[in-house]
Amino acid sequence: MSVEDHLLRIPGPTPIPSSVQQAMSKPMIGHRGTETKALLQRIKPKLKTIFGTGQDVLMVTASGTAGLEAAVVNSTSPGDTVLVLVTGAFGERFAKICENHRLHVIRHDIEWGKAVSPDVIQEYASKNPGIKAVFATFCETSTGVLNPVKELAEAVHSHTDALFIADGVSAVGGTEVKMDEWGIDVLVTGSQKAMMLPPGLTFLAVSELAWRIIEKNRNRPFYLDLVKYRDKLADDSTPFTPGLSLFMGLEQVLNLVEEEGLTKVFNRHHLMKEMTRAAFHAMDIPLLTNESDSSPTVTSVAPADFNPEQLRKQVKSDFGLDLAGGQQHLKGKIFRIGHMGYCSPADVLQTISLLEIGIQKLSKRDVIGKGTMEAQKIYLEWT
Ligand SMILES: *Cc1c(COP(=O)(O)O)cnc(C)c1O
């Protein structure tokens, strides 16, 4: 195995298509020049489609967490009461950012591996009439849960005057989202998950309702002031020197998505999830999430008869296959497979067949071919 043989199947960063890699190696351009202006003009409409919004999608050169922080700091003021729906490590991060900015945080914690029910919104709303914002994680990457953001947004708007703010990192680009129609007020994502780019960009879209609150906010930060990004982007520009190479790659990503068709992109992700889940069912290895709560972009596996950390080490050293472990209390209990972005059913079959070898070695159970065969059958049924 050469050092270049990497099979990156963690839930971010994810592999980069070679045409995107090439686009990012184009010569540098001036960020105030006509080339950047034209590039932004081409990118803007295509990004809106992925977010399901008529609003311009803002791009900030920073990791996804900066996008989450921007959403919090721009939309709230110290002392505001907010509700954070915590379904895993990333929900917890949202809560910590809110606490850091001296908000009054009401936490609703859900057992890791389960989705949050929209019914809880009404309960919290009746006990805390002044909630200013509700925060949720769309795909909880630490568990592989896809939370019902459409229903959550509906519940928030029917029972409160709060903004509904969603962390869409690892969801946007891999699963359908209709930000405007569903009533999401701020939707955030990052470049290195389903967006097929290296880390370094965070994307935010903001509803009319949220803009009215953000515009009046006197506590807006400097670098992460969303009004600056909005006003500059309206003029096909950015407030600061952006990650221009990432913008060049992004244009190619958007072209690839357009060529494949957004519906097909989402169907491919759904199929990859079904293939992965069927494979582990066939090998009699438990999954952390049930079918209805599961995300199309990441699957968490909770084996009973072998150590997931040992499996990760084994397949990494045998095949250069990178999988993620569990976070916090799930460390050593699960492993996670990313199947998002530049990933195909063929990649899933490869991952499963390599895992069968590792699992057979560790569990001493005869699993060779079992998961692969089931995944192949799912593929045939679907196509
Ligand atoms: C990866 C991820 C983040 C954090 O993004 P960074 O780019 O590491 O800051 C936030 N939320 C979710 C759901 C994620 O998957």
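These numbers come from a predicted model, not from an experiment. Start at 1 and go down the list; that is how both ligands and their atoms are numbered.
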Identify whether NZ of Lys or CZ of Arg in Lys361 sits under 6.0 Å from the centre of the six-membered ring of Phe306 and within 45° of that ring's axis. no
Under 4.0 Å between a Lys/Arg side-chain N and an Asp/Glu carboxylate O for Glu181 and Lys150? no
Any Arg220 side-chain heavy atom under 4.5 Å of Val227 side chain: yes
Is a donor on one side and an acceptor on the other found under 3.5 Å between the side chain of Glu140 and the backbone of Phe90? yes
Electrostatic pair Asp347:Arg9 at N-O distance under 4.0 angstrom: yes
Does Phe138 have Lys193 sitting over its ring (NZ/CZ under 6.0 Å from centre, angle to axis within 45°)? no
Contacts for ligand 1, heavy atom under 4.0 Å, by chain and number, are Ser63, Gly64, Thr65, Phe90, Arg93, Thr137, Cys139, Thr141, Asp167, Val169, Ser170, Gln192, Lys193
